[in-house]
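To keep things clear, I will list the structure first and then write my remarks on it.
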Number of protein chains: 2
Amino acid sequence: MKDFRHQNRLYYSPVEFAMNYIGGTWKMPILVALREGPVRYGDLKKSISHITDKMLITQLRDLEEKNMVTRKAYAEKPPRVDYALTERAKQALSVIDALHAYGAFLMKEEEITL
Amino acid sequence: MKDFRHQNRLYYSPVEFAMNYIGGTWKMPILVALREGPVRYGDLKKSISHITDKMLITQLRDLEEKNMVTRKAYAEKPPRVDYALTERAKQALSVIDALHAYGAFLMKEEEITL
DNA sequence: CGGGATCCATGTCGATACTG
DNA sequence: CAGTATCGACATGGATCCCG
């Protein structure tokens, strides 16, 4: 596999490229939380345990820039903002599910109980 | 999903747990390089572009400790050591393939040509 | 949501033991 | 010396966190 660059960053493989879109501690939890449809900021925060506002905002901005989520602001009396997955992000869900299943498999092997 | 800990580290999800076994810059490239069977250290180094000895050894040790690879040393004149995948690591290959495919899909969307 | 601290993954450079 | 496999000290940059 030849190297390539995108937006001035060097990648060694498609896997590394993919991880730029869904990797890191928070991107996958966010994408999963949006799986069933648009969710407002506050609910997103509640549904992802341990995430700080800083991280949630930072990652949402990053995902937006990468066209993985869309942000919609409604002109209502109490302002409302929600986030939704784009098509390309929806296609990541099966990959995330596979990772989740593999993680569960490893946990079983390591005899981790919840 | 409840949190859990393993060897004194805290995890928030099975995905995060899985990434501990196959994540980082080098683990997947290493696992893929071992896909067809045992490979010796030197060949591994040659087949993974840009990897340094330091990173290769560090990751191999880590993968060994996690029971993802086995190390076999032969008592020969020029020392020979080879590494092979364990069963649990072989089961990661399909996940890695899925990530690879998703990365390729994103690259196509971003119009990246090699 | 910013500033600043910090942690951790990664990288650089150099050195090791062994043997033909 | 050349080839193989490996390791340690240290630097650095990015990711993440705490605080206000």
Side-chain angles (χ1 to χ4, degrees), chain A residues 3 5-13 15-31 33 40-46 48-66 68-69 71 73 78-83, chain B residues 3 5-13 15-31 33-34 38-66 68-84 99:
Chain A
D3 309 343
R5 51 177 61 249
H6 180 60
Q7 287 166 357
N8 210 36
R9 202 198 125 165
L10 185 65
Y11 296 90
Y12 299 152
S13 78
V15 169
E16 210 184 332
F17 190 71
M19 290 314 285
N20 209 256
Y21 287 72
I22 64 175
T25 308
W26 302 109
K27 290 206 177 66
M28 291 196 236
I30 292 171
L31 297 176
R40 346 182 11 170
Y41 180 85
D43 294 330
L44 213 39
K45 172 95 189 289
K46 277 177 221 147
I48 303 173
S49 68
H50 297 94
I51 198 168
T52 59
D53 284 310
K54 165 114 169 189
M55 280 300 116
L56 184 49
I57 284 293
T58 303
Q59 298 303 308
L60 283 171
R61 295 264 178 287
D62 194 18
L63 287 168
E64 225 188 313
E65 184 200 310
K66 292 178 161 69
M68 296 292 280
V69 304
R71 186 190 118 104
R80 188 156 74 91
V81 176
D82 66 27
Y83 294 86
Chain B
D3 309 343
R5 50 176 61 248
H6 181 60
Q7 288 165 358
N8 210 35
R9 203 199 125 163
L10 185 64
Y11 297 89
Y12 300 151
S13 79
V15 170
E16 208 184 335
F17 190 71
M19 290 313 286
N20 208 260
Y21 287 72
I22 63 175
T25 309
W26 302 110
K27 289 204 177 68
M28 290 195 234
I30 292 171
L31 297 176
L34 295 175
V39 179
R40 45 189 303 189
Y41 180 85
D43 293 330
L44 214 38
K45 172 97 187 286
K46 277 176 220 147
S47 79
I48 303 172
S49 69
H50 297 95
I51 198 168
T52 61
D53 284 310
K54 160 89 176 214
M55 288 320 295
L56 183 49
I57 281 295
T58 302
Q59 298 303 308
L60 283 171
R61 292 274 173 280
D62 195 18
L63 287 168
E64 225 188 317
E65 184 200 310
K66 292 178 161 69
M68 296 292 280
V69 304
T70 52
R71 188 190 111 106
K72 198 161 11 172
Y74 301 84
E76 297 179 358
K77 19 207 169 167
R80 184 156 75 95
V81 175
D82 67 28
Y83 293 86
L99 269 168

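Note: hydrogens, waters and symmetry copies are ignored here, and every other heavy atom, side chains too, is used. None of these values were measured; they are calculated from a predicted model. Order of the sequence lines sets the chain letters (A, B, ...), proteins ahead of strands, with each chain counted from 1.
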Return the set of residues passing salt bridge (Lys or Arg N to Asp or Glu O under 4.0 Å) with A/Arg40 (not counting sequence neighbours), or none when no residue passes.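 Salt bridge (Lys or Arg N to Asp or Glu O under 4.0 Å) check on A/Arg40 returns nothing, list empty.
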So, using salt bridge (Lys or Arg N to Asp or Glu O under 4.0 Å) as the criterion, who are the partners of A/Lys54 when residues are at least two apart?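 Counting only residues at least two positions away or on another chain, A/Lys54 forms no salt bridge (Lys or Arg N to Asp or Glu O under 4.0 Å).
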Under 3.5 Å, is there a donor-acceptor pair linking the side chains of A/Asn20 and A/His6?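 Distance-only check fails for A/Asn20 and A/His6.
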Which protein N or O atoms sit under 3.5 Å from an N or O of nucleotides 2-4 of chain D?
| residue | atom | partner | partner atom | Å |
| --- | --- | --- | --- | --- |
| D/dT4 | O3' | B/Arg40 | NH2 | 3.3 |
| D/dT4 | O3' | B/Pro79 | O | 3.3 |

Between [atom2] on [N] and [atom1] on [X], what's the gap in Å once rounded to a whole number?
X: A/Leu44; N: C/dC1; atom1: CG; atom2: P; answer: 14 Å
X: B/Ile57; N: C/dC13; atom1: CD1; atom2: C1'; answer: 17 Å
X: B/Glu76; N: D/dA5; atom1: CD; atom2: C1'; answer: 13 Å
X: A/Glu16; N: D/dG14; atom1: CD; atom2: C1'; answer: 14 Å
X: B/Asp82; N: D/dA5; atom1: CG; atom2: P; answer: 9 Å

Set of residues satisfying side-chain hydrogen bond (donor to acceptor under 3.5 Å, both in side chains) with respect to A/Arg71, sequence neighbours excluded: none
Interface polar pairs with nucleotides 7-11 of chain C, N/O, under 3.5 angstrom:
| residue | atom | partner | partner atom | Å |
| --- | --- | --- | --- | --- |
| C/dT10 | OP1 | B/Thr25 | N | 2.5 |
| C/dT10 | OP1 | B/Thr25 | OG1 | 2.8 |
| C/dG11 | OP2 | B/Trp26 | NE1 | 2.8 |
| C/dG11 | O6 | B/Lys54 | NZ | 3.3 |

As an exercise, state the distance from OG1 of B/Thr25 to CD1 of B/Ile48, rounded to the nearest 0.5 Å.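 Spacing of OG1 (B/Thr25) from CD1 (B/Ile48) equals 12.0 Å.
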Kindly assign one of parallel, tilted or perpendicular to the pair B/His50 and A/Tyr12, based on the angle between their ring planes and the thresholds 30° and 60°.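 Answer is parallel, since the angle falls under 30°.
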According to side-chain contact (heavy atoms from CB on, under 4.5 Å), who are the partners of B/Pro38, at least two apart in sequence or on a separate chain? B/Asp82, B/Ala84
Contact class for B/Tyr83 (heavy atom, under 4.0 Å): base, sugar-phosphate, or nothing? sugar-phosphate
Scan A/Leu56, A/Leu63, A/Leu44 and name whichever one has a side-chain contact (heavy atoms from CB on, under 4.5 Å) with A/Tyr83.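 So, applying the side-chain contact (heavy atoms from CB on, under 4.5 Å) to A/Tyr83 and each of A/Leu56, A/Leu63, A/Leu44, only A/Leu44 qualifies.
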